[in-house]
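So the structure is just underneath, and the comments pick up after that.
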Amino acid sequence: MSNRPPPIRHTFRRTKALKIVPKGEKVMQFALLIYHSPEEFAVRKNDYNDPHLGAWRGYYKALVEAGVYVGANALEVPETGTTVRLREGKRSVQDGPFAETKEQLAGFIILELPSVDAALEWAARCPGASIGAVEVRPLAPEAMRRGFTG
Amino acid sequence: MKGSNQEDTHRTVERVARESYGRLVAYLSSHTRDVASAEDALSNALVAALTTWPRDGVPKNPEAWLLTTARHSLIDVVRHQQVASASEPTLLLLREEPKEASLSAEFPDERLKLLFVCAHPAIDPAMHTPLMLQTVLGLDAVRIAHTFLVSPTTMGQRLVRAKTKIRDGGIQFEVPQERELPQRLDAVLEAIYAAFGIGWDEMAGVDQRGQDLAEEAIWLGRVLLQLLPREAEVRGLVALMLHCEARRRARRAPDGRYIPLSEQDSRQWSLPFIEEAERHLAEAASRGRAGRFQLEAAIQSVHAERARNGRTEWAAITMFYEQLLRISPTLGTRTGYAAAAGEANGPEAGLAVLDGINPDDVSNYQPYWAVRAHLLQRLGKASEAADAFDRAIGLAEDPAVRQFLLQRRG
């Protein structure tokens, strides 16, 4: 680490990303939506020896230890998906994922953080960001979510 | 023929914009405090240059041409606004114009004032560097957003807000009084170094952006040095950046692998940069007022000596860190001190320093975990080391650093 210049950058970033949320301060929940390319999915399908396993393990540990982790899960490859629609009373069932894009949803992580800046910082550290892409999206307000779940 | 002429003109406009952008914005906004309008006026002038210069030829003094055109554009804007209160300062400027017309080649360099405005205590510290990059160097909000890991829309809004504050918040375009100068200067130095630090981290990756930013930061440092040649800390900062920059090529193997400082081939370090850094450091030291940046540069200077004698004097580095801790006990300094103490006095000594840091402060701080992992590994504490490695891996952003740590973890 002595290879870096004495890291003022972190002082700078600290002003943006709070690590400890004081009592009473608002926190938001964010979803990190992780997208992979077909090539990346192919690796997963052929054998479950994920070459990025060590990176993911470290990332998970760092999230939990920083106290920001709410939940996460990985998804099966997109071909295993089945998409259902109901239009004018008629069912339509389609093989495969909903969207026909090259990069597909591969998993998600839910984090609790004080700001979108902090969420972007964690997204940049996510192994998925260098493998594919990570979308950061705030969860809907809690009142709305409570409406769903009763 | 015409095409190549146009290309030449494009290049000329680009060069003039690059060299004069900050000077023009600083001068145009120093009276009105309206940085955003000055930038708009200047970009109008640059667009006008792109259409008229190919037709009429590049003017003898392109900078003066841009200044005059930008002023006219600024006056037009004010006329259209028709808001008496807001246009007052600009009308003052308008009245000054006849004087201006005679001074075609020279106009005062107000960049120092602009730098102090960007790093003004009334401005959110997180915006100091983005403001400098935009107003002095002319980088656009999208590019700045990438660098600062913020969405382009958000960065645009934050820049607008900061500039509104400069215009309406009574922030003066002035060089601070002697009494205030050290503290105010420190904010300017921090902002420039933050740009360099981000560039340094990004530079590692494949893309050109980080390298550019590190170069821009050094350029800003040189501008500041030219404006304040007697300030030792400015020299310290330039020396520090040059020492780091000297090692750029050695930080990555040809295949992109990360190479830690201790394993770098010192023959790949840039001697001209090291020598220039040393000159600045010596000049700063002769002024007899040590400061944070001079001490950080001194640490890098000790590292650089390995290029000459093949050794690293860890005891000297530890000593400089001890001085640095007295004036700047940041997390970064304490972690660096732990690493140096670990080399000079053994891993236990390094760990003792790390154990003195509040664990809550480091849950987000990657270098702490990397140093901790390294020290624990040297002590043969395999499982504790693996744990620390995981934290360092999880907090790393650079895939090459991640890969390096994964290998070390085993």
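Note that the coordinates shown come from a computational prediction; the quantities given were computed from them, not determined experimentally. All values below were derived from every heavy atom in this structure, side-chain atoms included, with hydrogens, water molecules and symmetry-related copies excluded. Chain naming here is simple, since letters A, B, ... match the order of the sequence lines and numbering starts at 1 in each.
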Shortest non-hydrogen separation from A:D117 to B:V150 and the atoms involved: OD2-CG2, 4.3 Å
Please name all residues satisfying salt bridge (Lys or Arg N to Asp or Glu O under 4.0 Å) with A:E112, sequence neighbours left out, ordered by chain then number. none
Rounded to the nearest 0.5 Å, the CZ atom of A:R125 sits from the CG atom of B:D398 at a distance of 13.0 Å
Nearest-0.5 Å distance, OH of residue A:Y59 to CG of residue B:D390: 14.5 Å
Would you say B:N358 has more than 12 foreign heavy atoms packed within less than 6.0 Å of its CG? yes
Working to the nearest 0.5 Å, report the span between NZ of A:K61 and CG of B:L395. 12.0 Å
Closest non-hydrogen atom pair, B:S151 against A:L120: N-CD1, 4.1 Å
Contact check, side chains of A:R57 and B:I393, non-hydrogen atoms, under 4.5 Å: no
Can you tell me how far the SG atom of A:C126 sits from the CD atom of B:E397, to the nearest 0.5 Å? 11.0 Å
B:L406 portion near chain A, given a 4.5 angstrom heavy-atom threshold: side chain
I'd like to check the salt bridge (Lys or Arg N to Asp or Glu O under 4.0 Å) partners of B:E263; sequence neighbours left out, ordered by chain and number. B:R408
With a 4.5 Å cut-off on heavy-atom pairs, point out which of A:G67, A:A124, A:A123, A:S130 contacts chain B the most. A:A124
Can you measure from CH2 (A:W122) to CG (B:N364) and round to the nearest 0.5 angstrom? 5.0 Å
Proximal component of B:R402, with respect to chain A [non-hydrogen, under 4.5 Å]: side chain
